[in-house]
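Since the structure is predicted, the reported quantities are computational estimates derived from the model, not experimental observations. To find a chain, count down the sequence lines: A is the first, B the second, and so on, and within it residues start at 1.
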2 protein chains.
Amino acid sequence: MTARTILIVDDDTELREALVEQLSLYDEFATIQADSAANGIALAKDDHIDLLLMDVGLPDIDGREAVKLLRKNGFKAPIIMLTGHDGDSDTILGLEAGANDYVTKPFKFAVLLARVRAHLRQHEQSEDATFAIGRYSFRPAAKIMQDDKGSKVRLTEKETSILKFLYRAGEKPVTRDILLHEVWGYNSGVTTHTLETHIYRLRQKIERDPSNAELLVTEAGGYKLVP
Amino acid sequence: MTARTILIVDDDTELREALVEQLSLYDEFATIQADSAANGIALAKDDHIDLLLMDVGLPDIDGREAVKLLRKNGFKAPIIMLTGHDGDSDTILGLEAGANDYVTKPFKFAVLLARVRAHLRQHEQSEDATFAIGRYSFRPAAKIMQDDKGSKVRLTEKETSILKFLYRAGEKPVTRDILLHEVWGYNSGVTTHTLETHIYRLRQKIERDPSNAELLVTEAGGYKLVP
DNA sequence: CTGTTTTTCACATCGCCGTGAGAACAGCGA
DNA sequence: TCGCTGTTCTCACGGCGATGTGAAAAACAG
C-alpha cells in the first residue's frame with residue numbers, strides 16, 4: 001500500500017504538529033502542512049493530496065469559503081473540517097459548501113483516524129478518485145493517465161483494471177496468477193500470456209523507454225508499480 | 001430527480017415517525033421504516049434502499065453487528081448511525097464495522113438532513129452505486145442492468161453514459177442536443193442521429209416491447225426515463 | 001397531403017483483445 | 001564454457017464487438 005498524502009491546514013501550530021506526529025506513526029500516511037488557507041490552497045494545487053484536514057477558523061479566509069474555492073478549482077479529495085465549538089450551522093453550511101465531514105474539537109485522535117480511514121476508503125472507489133503513479137496522475141473512471149506536462153494517455157478497459165489492482169497492492173509485486181484472476185475472473189480460460197501482452201502494450205504507452213521499464217517493473221514472477 | 005429511498009431503523013416509534021414526517025416534506029425522499037434490526041435487514045434485502053438511518057441501540061441486535069451483517073450480505077448504500085451518548089468507541093467501532101457516519105442524539109434535523117444529502121451525493125458516484133430503473137437495478141460501474149428476475153443485460157460504454165445522465169435528470173425529459181453534448185462532449189462532430197441509433201439499440205436490450213417503449217420514452221424533442 | 005420527426009436496420013470501420021510464434025534472456029547442471 | 005530449459009518480451013495476425021453513418025420506412029403534426 002502506497003502512503004496517502006494528507007494536507008493539514010491549521011494556524012494552531014501545536015495542534016498541527018501533534019497531528020503530523022500522530023499520523024506519521026502509521027506508514028500508510030504522509031503529511032504536508034500549511035498555517036493559512038491561502039498556503040493550503042496553493043499546496044493543494046501543486047501537489048497530489050489524498051485527503052484534507054482543515055480548521056474552520058483560519059486567520060485569512062473562513063474555512064467554508066476556502067472549501068468552496070477549492071471545490072470550484074476542481075479539488076476532489078475528501079475534506080474533513082475541524083470545528084471549535086459544536087455549532088450546527090457550521091456543520092450544515094460546511095457540508096453544503098463541499099466538505100465531507102466535520103469533527104468537533106476537542107477530539108480523540110482515534111476518532112479522527114477512523115474517519116480519515118473511512119473517507120479514504122470511500123473516495124478511492126469514487127468516480128473522481130485520482131492516484132499518483134510516477135509522473136502520471138491516473139484517473140480510473142476516465143481511463144486516462146495524465147503526464148505532469150499535461151499530455152494524456154488513453155487506456156483500455158483491461159489496462160485500467162490492471163493498473164487499478166497493481167496500485168492497490170502498492171509497492172509489493174503481484175503474481176501473474178493473482179493479477180489474472182483479479183482482472184479476468186476465476187474461470188476465464190485466459191492464460192498468463194495474455195496478461196503479458198497487455199503489460200507489453202501498457203509499457204509501450206506509459207514508459208519512457210518501453211524496453212527498460214521503470215514504472216511497471218517485473219519482479220518475483222509478477223509485476224509491481226514503482227512510485 | 002427521482003426520489004431516493006431511505007430506510008429508518010429505530011425502536012423508538014416517536015423518533016422514527018418524526019423522521020419520516022420531516023423527510024416526507026421533501027419530495028426528494030421516500031421512506032421505509034422498521035422497528036428492529038431483523039426487520040430492517042429483511043427490508044434492505046428485498047427493496048432498493050438508497051440510504052440507511054439506524055439506531056445503535058436496538059432491542060434485538062446491536063447496531064454495529066447489524067451493520068457488519070448488512071455489509072457481509074452485500075449491502076452497499078451509505079449507513080448513518082444514530083447514537084445516544086457521545087461515546088468515542090461507539091463511533092470508531094461503528095465506522096470500522098462499515099457505517100459511513102455517526103450522528104449523536106439529540107440532533108437538529110437540519111444537521112441530519114445535510115449529512116444525508118452529502119452521503120447520497122457522494123455515493124451516487126461511487127463504484128457500487130446502484131440505481132433503480134423500472135424493474136431493473138442499474139450499476140453504472142459494472143455496465144450492467146439486472147432484471148428483478150436476476151437476468152443481466154450487458155451495456156456498452158455509451159449506453160451506460162446515456163442512462164447515467166437520463167437518470168440524473170429524473171423524470172424530466174432531456175433534449176437530444178443536451179444529451180449529445182453530455183455524452184459525446186461539445187466538439188465531437190457527431191449528429192443527433194447517432195444518438196437516436198443508440199437509443200434504438202438500448203430499447204432493443206431493455207424494453208419488453210422495443211417498438212413500444214415504456215422505460216426509455218420519447219418526449220418533447222428528447223428522451224426521459226420512466227421509473 | 002406534405003414536410004418533419006423519429007424509428008428501423010444494414011453496412012463499414014475501428015479499436016480492443018486473445019493467441020501464435022519466435023527472439024532475448026537468465027539460471028543451472030554437466 | 002556449452003547447451004538445455006523455463007521465463008519473459010516482442011510483434012503480427014485475426015476475430016469480434018462497439019460505434020457512426022446511410023437509406024428508407026413509419027409515425028406524427030399541421
Task: Among dG20(D), dT7(C), dC11(D), the nucleotide that comes nearest once only the side chain of Y200(A) is considered - done: dC11(D)
TODO: Report yes or no: is the cationic atom of R117(B) (NZ for Lys, CZ for Arg) closer than 6.0 Å to the six-membered ring centre of Y26(B), at no more than 45° off its axis?
DONE: yes
Task: Between dA18(D) (C1') and K158(B) (NZ): distance, integer Å - done: 9 Å
Is there any protein nitrogen or oxygen under 3.5 Å from a nitrogen or oxygen in nucleotides 19-24 of chain C, and what are the pairs?
residue: dT19(C); atom: OP2; partner: T194(A); partner atom: OG1; Å: 3.2
residue: dG20(C); atom: O6; partner: H193(A); partner atom: NE2; Å: 3.1
residue: dA21(C); atom: N6; partner: H193(A); partner atom: NE2; Å: 3.0

Task: d(CD, Q204(B); C1', dT8(C)) in whole Å - done: 8 Å
- [ ] Can you check each nucleotide of nucleotides 25-30 of chain D against protein heavy atoms at under 4.0 Å and return B for base, S for sugar-phosphate only, - for none, in 5' to 3' order?
- [x] ------
TODO: Compare the minimum distances between each of dT7(C), dT19(D), dC9(D) and the side chain of T156(B), then state the nucleotide with the smallest one.
DONE: dT19(D)
TODO: Take atom NE2 of H198(B) and atom C1' of dG17(D), then tell me their distance rounded to the nearest Å.
DONE: 13 Å
TODO: Could you state the atom-to-atom distance from CG of N212(A) to C1' of dC25(C) in whole Å?
DONE: 14 Å
Open item on the list: Side chains of Q146(A) and F138(A), heavy atoms from C-beta outward: is any pair under 4.5 Å?
Closed with: no
Task: Identified side chain to side chain donor-acceptor pair (under 3.5 Å) counterpart of E124(B) within the set R168(B), K164(B), R4(B) - done: R4(B)
Task: Flag side-chain contact, heavy atom, 4.5 Å: V20(B) against I32(B) - done: no
Open item on the list: What is the separation between atom CD on E157(A) and atom P on dT19(D), rounded to the nearest whole Å?
Closed with: 11 Å
Open item on the list: Taking 4.0 Å as the cut-off, does a side-chain nitrogen or oxygen of W184(A) come that near to OP1 or OP2 on dC17(C)?
Closed with: no
Open item on the list: Quick check on dG17(D): is either OP1 or OP2 less than 4.0 Å from any side-chain nitrogen or oxygen of R154(B)?
Closed with: no
Task: Rounded interatomic separation in angstrom, taking CG from L216(A) and C1' from dT8(D) - done: 13 Å
Task: No-hydrogen, no-angle side-chain donor-acceptor test under 3.5 Å, R115(A) and Y102(B) - done: no
Task: Test applied, side chain to side chain donor-acceptor pair (under 3.5 Å); reference residue, T218(B); option that passes from R203(B), R176(B), E196(B) - done: R203(B)
Task: Nucleotide dT19(D), atom C1' - distance to NZ of K143(B) in whole Å - done: 13 Å
- [ ] Decide yes or no for Q122(B) and Q122(A): does some side-chain heavy atom of the first lie under 4.5 Å from some side-chain heavy atom of the second?
- [x] yes
Open item on the list: What I want to check is whether the side chains of D128(B) and S126(B) have a donor and an acceptor closer together than 3.5 Å.
Closed with: yes
Open item on the list: In whole Å, I'd like the distance from the OH atom of Y223(B) to the C1' atom of dT6(C).
Closed with: 7 Å
TODO: Using the six-membered ring wherever Trp is involved, compare the ring planes of Y186(B) and H181(B) and label them parallel, tilted or perpendicular (cut-offs 30° and 60°).
DONE: parallel
TODO: With DNA chain C as reference, determine whether L155(A) or P210(B) sits nearer its 5' end, using the nearest nucleotide of each.
DONE: P210(B)
